[in-house]
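These notes are about the structure you will find just below.
By convention in this document, chain letters (A, B, ...) are assigned in the order of the sequence lines, proteins followed by strands, and residues within each chain are numbered from 1.
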Number of protein chains: 2
Amino acid sequence: MGIESTETRMFLQLDAEKQQRVLEAAIDEFSDRGYEKASMNVIVQKAGISKGALFKYFGSKSGLFAFVYRIALNHVKDYLRTVRDKSQDENFFRRLEKIMAAGVDFVHRYPGLARIYYHIIFTGDSPYKDEILKELHRESLKFIQSLIEDGIQQGDIRPSLDPKTTAFVLECVLDRFLQAHHLQFLDHSLRLHGASAEESNQWIQEIVELFKRGLENDSKKSREVDK
Amino acid sequence: MGIESTETRMFLQLDAEKQQRVLEAAIDEFSDRGYEKASMNVIVQKAGISKGALFKYFGSKSGLFAFVYRIALNHVKDYLRTVRDKSQDENFFRRLEKIMAAGVDFVHRYPGLARIYYHIIFTGDSPYKDEILKELHRESLKFIQSLIEDGIQQGDIRPSLDPKTTAFVLECVLDRFLQAHHLQFLDHSLRLHGASAEESNQWIQEIVELFKRGLENDSKKSREVDK
DNA sequence: TTATAGAATGACCACCTGGTCACCAATAGA
DNA sequence: TCTATTGGTGACCAGGTGGTCATTCTATAA
C-alpha cells in the first residue's frame, strides 16, 4: 500500500539519540508547514545530518512523511481505544466528555503530532492522498458511530436519531474543538489556545451539556454514573 | 490596510472579456491550490497573457490574491446579509435552515470563490495573514452571535445558553457542512459532494432539528411560522 | 597495518518560483 | 512624418526545491 513507511534498516540501526533527533526535526517541520511546504533542507539542518543521509534513511520526502504520519495515527488510535475501553461502563455523555478530555490531553502531550494529524484531516495535505484520507476517515467514522450505537443500545440517546447526522455533527465539533487548541486563528470564541486543563474541561462540560439536551433519550432517563 | 486590493487602472481599463478571463484564471488557480502554492506562471498561462502584464495589473501575487479574496468576501457578506434580512421575521431555527440553504446555494453558484473563502478560514493560507483572518472571523462571529442574540430575544432559544459555546458549535457545524460540499475528503458521512439541492435540504432539516432540541426555549414554545 | 564494507557527505542537477525590465508595438497628437 | 505615451512581452534573475551520486570517512575484520 502507498502509505507504508519506508524507514530503512540503516535508520533503525542508528543510535537512539540520533533517531530521536531526526524524528523530532521531521515532526517539527511537518507540523509547522504541512507536507507539501515542508523542506527536506530544513529538516536536515535541524537534525544536523547530511541530506544524502536523510534520503538513505527514508528514500524520499513522502517516505519520511509516511513514517511520521504512522506514528501520529498510532498515537491517536491508542488514546481513542484507551478512553473507549476505560469508559465502557459509563453513559454516552460521560463518555463524550472523556473522549474530548483525552483529545485535549493528546494535543498537549504531543503537540507536533496533533498538528500533523489535524492538518491532514482538514486539508488533505499528504502524499498518496486518497489512501491516507480514506484510512483516517474510516477510523474516525468507525469510532464515532460505534459510540453512538452503544449510546442508543444503552438507552442514553434516542433511537430515533439519524446516526449519520449525529456522527457528522459530533465529528465536526470534536475536530474543531481540538484544532482550536493549537491553531490560534480558529480560536476566536472559546480561547482554547493556551487554556489550562481546567478551562478546557469547563468548555467540554458546556458543549456536552448542549449535546445532552439534543440527543438524550427522554423515555429512559440517562443513566447517571458517579463522577 | 494590508489587504487592500491593488488592481491598477490598467486592469480596470481592459475590455470586459479580458478582465473576466484574467479573473477566472486567478480564481481557478487560487481555489485549486490556495494562496502559497498557486503559481503566477499557471495563472498567466490560463489567462493567455504575459507575466509582465499580470504584474502590471496587480503589482504582486499578494495584490492579485487580495483582489480575488475581496470578491469572495463580498459575495459571502451579500448572501449572509440577504438571508438574514429576509428571514428577520422568522424563528431562530427556520433562520438557521435558510442560512444553511443559502450557503449551499453560494457553494454551488460560486464554487471557486467558496473554495478560496473556506480554504482561508480553515488554513489561514493568505498574505497579510493576521489582518485577513481577523477580518474573516470578526464577520463570522458577528453574524452568528447576532443570530443567537435575536433568537434569545425572540424567545426561541433559551436565555440560559452560553452564547460562546452555542456560537462555537453552530459555527463549526455550518463551516464543515458547507465545506463538505466541495471537499470530497470531508464528505464521508453525509454524501454532500454532488448532492442535489433537495438532498442537501434534507440534511439541513435533520441538523437543524438536532439543534432545535438542544437549544429550544421550553418556557416559551418556539414561534411557528408558515413554511 | 591493510582491505573492505558500510555510513555519511555536500556539490551538483533539473526544475520551479515571484518578480524585473529592456525592448517592442500601437496609438494619438503635434 | 516624428515624437511621446501607453500597453504588452518574455528572457532573465536570484532563490528555493527534492533528489543523486562520486567521494570521503569510519569501523571492523583479517
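The separation between B/Phe58 atom CZ and C/dT20 atom P is 16 Å, rounded to whole Å. The nearest whole Å value for the distance from the CG atom in A/Leu64 to the P atom in D/dG19 is 10 Å. The nearest whole Å value for the distance from the CD atom in A/Gln45 to the P atom in D/dG18 is 13 Å. What separates CZ of A/Phe11 from P of C/dA7 is a distance of 14 Å, to the nearest Å. As a whole-Å value, the separation of A/Lys56 NZ from D/dA22 P is 11 Å. Atom-to-atom, CZ of A/Arg33 to C1' of D/dG18 comes out at 13 Å; the value is rounded to the nearest Å. Atom C1' of nucleotide C/dA7 and atom CZ of A/Arg9 are separated by 11 Å, given to the nearest angstrom. The distance from atom NZ of B/Lys61 to atom P of D/dG15 is 18 Å, rounded to the nearest whole Å.
Residues A/Asp125 and A/Ile120 fail the side-chain proximity criterion, which asks for heavy atoms closer than 4.5 Å.
For A/Ala53, whose side chain is taken as the heavy atoms from C-beta onward, the closest listed nucleotide among C/dT9, D/dT9, D/dT17 is C/dT9. The side chain of B/Ser50 has D/dG10 as its nearest neighbour among D/dG10, C/dA8, D/dG18. Nearest nucleotide to the side chain of A/Gln13, out of D/dG19, C/dA7, D/dT9: C/dA7. Distance from the side chain of A/Met10 is smallest for C/dA8 among the nucleotides D/dG7, C/dA8, D/dG18.
Between B/Leu54 and A/Asn41, the residue anchored nearer the 5' end of DNA chain D, judged by the nucleotide with its closest heavy atom, is B/Leu54.
Contact between the side-chain N/O atoms of A/Ser39 and the OP1/OP2 oxygens of D/dG18 is found at a separation under 4.0 Å. Of the side-chain N and O atoms in A/Tyr57, none sit less than 4.0 angstrom from OP1 or OP2 of C/dA7.
With hydrogens and angles ignored, a donor-acceptor pair under 3.5 angstrom links the side chain of A/Lys51 to the base of D/dG18.
Using a 4.0 Å cut-off between charged nitrogen and carboxylate oxygen, B/Glu149 and B/Lys142 do not count as a salt-bridge pair. Between A/Glu135 and A/Arg138 there is no salt bridge, since none of the side-chain N atoms of the basic residue sits less than 4.0 Å from a carboxylate O of the acidic one.
A distance of 6.0 Å or more separates the ring centres of B/Phe93 and B/Phe211.
Looking at heavy-atom distances under 4.0 Å, B/Glu36 makes no contact with the nucleic acid at all. Counting any heavy atom pair closer than 4.0 Å across all strands shown, B/Leu14 reaches sugar-phosphate atoms only and no base atom. Within 4.0 Å of A/Lys37, counting heavy atoms only, lies no atom of the nucleic acid at all.
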- request: Carefully, step by step, assess A/Ile99 and A/Leu147 under the rule side chain to side chain contact (heavy atoms under 4.5 Å, CB included).
  value: CA-CA 10 Å; A/Ile99 284 155; A/Leu147 200 65; 3.5 Å; yes
